[in-house]
Number of protein chains: 2
Amino acid sequence: MSRIRARNEEKIIRAASRVFAEHGYAATKTADIAELAQLPKPNIYYYFGSKENLYRAVLESVTEPLLAASEPFEQHADPVIALTAYIRTKLMISRDYPYASKVFASEIMHGAPRLPEDIIARLSEQTRTLSDKLSQWMGQGLMEQLEPRHLLFAIWASTQTYADFNWQITMALGKEELDDTDYDQAAEVITRLVIEGCRVRPLSSL
Amino acid sequence: MSRIRARNEEKIIRAASRVFAEHGYAATKTADIAELAQLPKPNIYYYFGSKENLYRAVLESVTEPLLAASEPFEQHADPVIALTAYIRTKLMISRDYPYASKVFASEIMHGAPRLPEDIIARLSEQTRTLSDKLSQWMGQGLMEQLEPRHLLFAIWASTQTYADFNWQITMALGKEELDDTDYDQAAEVITRLVIEGCRVRPLSSL
DNA sequence: GTCTATATACAGATAGAC
DNA sequence: GTCTATCTGTATATAGAC
């Protein structure tokens, strides 16, 4: 793998993430990706073979930040701290990786027809890990007994909505784009819903 | 407007809602809509003129159920009852009108490039009405003081996710499709988050 | 008013020069 | 290894028969 190749592949992936996120897979023209990447169109086919291959490469590349969100669950044993940090991290990912979030959202909304099996497996495993942790806390009396997966769905949806449905959010808030204050307010509301709503208590209360 | 015309237009709209929801605007072929509607393809162009016109007609037709969700806010003065009913209604809409929800979600995710101005206006007005009502309850001390629009975003996201990201939900729950029990559990979790999380109190507590 | 057969345009992909 | 010029399939849209 040459220097120039690595550099061009990265430029293409970056440009493709954005165009796929903004227009969706089918509406995306490889010519637009090439233009944004400032490379001739055939380069894309030379490096990736086909539009679909490139799209799969994009899906792989955007998976990391999304999976990394669960770190707070591994780092903190205390449910109040872990859940608070998790919500904040999920919101920061929506802010910093909006293309990753949208490409995934679009893919999943249409039934994940092009999502590689290994990514599905990793997402499933993460879901299991997270819901097991929640069940454990519930069993210890550190939070109310609820179906943990529905709680996860609520957290995922209400944090990712700031990336996926950014248009609606900015419109409703009457802004061009969101600033740090908006994300702080979002974190405050969602954290309150989860912590107070599930009566989550710190480890020290045991 | 002839009988046969009205009937065919409705068949086309219904088929189009489904195909647009499942594949997105760009990936949808008018031939697939025609096949599902059991009509010849040129009929679509005869009745609607273009794929884009048909899509706009679909957007108009799916707007009603989505706007109707706010009825509980008008019917019930009590915040506990109104919010509980609102969450339930939103979930039932996700269950009963999944195509409407997905077509809208896809449109908004890509920046609403084809959403008619009048629909935007009606959605904006509803947002204002709902957040005003929440502010009023907060002012009366019937619930915690929070940015009401962020609370709305959380409710919208966590209820619509059951339609928009149905694939992920069913996969996480290990099911082919959701049943009434799943929606009951979802309602229980989301209602608890909102009512307990915002410390919403009934009118009678005043 | 309705539908079969066809034109047209666009975008994914590649052959071949450099 | 890289890119210009071109091919080709596919899907929107319509002309014209019934």
Side-chain angles (χ1 to χ4, degrees), chain A residues 1-61 103 106-107 110-111 113-116, chain B residues 1-61 103 106-107 110-111 113-116:
Chain A
M1 164 101 64
S2 75
R3 259 315 139 58
I4 186 129
R5 183 187 189 98
R7 193 160 151 279
N8 282 349
E9 283 188 1
E10 207 214 307
K11 280 173 73 173
I12 292 168
I13 290 269
R14 209 205 307 277
S17 306
R18 174 163 172 185
V19 183
F20 281 132
E22 286 175 348
H23 302 294
Y25 176 78
T28 292
K29 304 174 230 183
T30 51
D32 287 353
I33 296 174
E35 193 188 347
L36 188 62
Q38 290 178 304
L39 287 169
K41 183 170 63 142
N43 264 26
I44 291 176
Y45 290 90
Y46 174 65
Y47 289 127
F48 294 95
S50 70
K51 178 181 171 180
E52 187 160 337
N53 279 355
L54 170 57
Y55 178 71
R56 286 207 157 87
V58 167
L59 279 175
E60 296 279 358
S61 82
V103 170
S106 194
E107 176 66 16
H110 300 123
R114 283 175 267 260
L115 195 62
Chain B
M1 164 100 66
S2 75
R3 260 313 141 54
I4 187 128
R5 182 185 190 101
R7 194 161 151 277
N8 282 351
E9 283 189 1
E10 205 214 307
K11 279 173 74 173
I12 293 168
I13 290 269
R14 208 205 308 275
S17 306
R18 174 164 172 184
V19 182
F20 281 131
E22 286 174 348
H23 302 294
Y25 176 77
T28 293
K29 304 174 232 185
T30 51
D32 287 351
I33 296 174
E35 194 188 346
L36 188 62
Q38 291 178 301
L39 286 169
K41 183 171 59 142
N43 264 26
I44 290 176
Y45 289 90
Y46 174 65
Y47 289 128
F48 293 95
S50 71
K51 178 182 172 179
E52 187 159 337
N53 278 354
L54 170 57
Y55 178 71
R56 288 207 155 86
V58 167
L59 279 175
E60 295 278 359
S61 82
V103 170
S106 194
E107 176 66 16
H110 300 121
R114 284 175 264 261
L115 196 61

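To find a chain, count down the sequence lines: A is the first, B the second, and so on, and within it residues start at 1.
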Any heavy-atom pair between the side chains of Leu39(B) and Ile44(B) that's under 4.5 Å?
no

Check the side chains of Glu107(A) and Tyr55(A) for a donor-acceptor pair under 3.5 angstrom, ignoring hydrogens and angles.
yes

Does [N] have its OP1 or OP2 closer than 4.0 Å to a side-chain nitrogen or oxygen of [X]?
X: Tyr47(B); N: dG1(C); result: no
X: Thr30(A); N: dA11(C); result: no
X: Tyr45(A); N: dA13(C); result: yes
X: Tyr46(A); N: dC3(D); result: no

Could you run down the sub-3.5 Å N/O contacts of the protein with nucleotides 4-9 of chain C?
none

Out of Arg7(B), Arg5(B), Lys11(B), which one pairs with Glu9(B) under the salt bridge (charged side-chain N to carboxylate O under 4.0 Å, His left out) rule?
Arg5(B)

Interface residues of residues 10-26 of chain A with DNA chain C (non-hydrogen, below 4.0 angstrom):
none

Nearest to side-chain heavy atoms of Lys29(A), which nucleotide of dT2(D), dG1(C), dG12(C):
dG12(C)

Restricting to non-hydrogen atoms, name the atom on Arg56(B) and the atom on Pro113(B) that form the minimum distance, rounded to 0.1 Å.
NH2-O, 4.2 Å

Hey, does Leu39(A) reach any base, or is it just sugar-phosphate, or nothing, if we go heavy atoms under 4.0 Å?
nothing

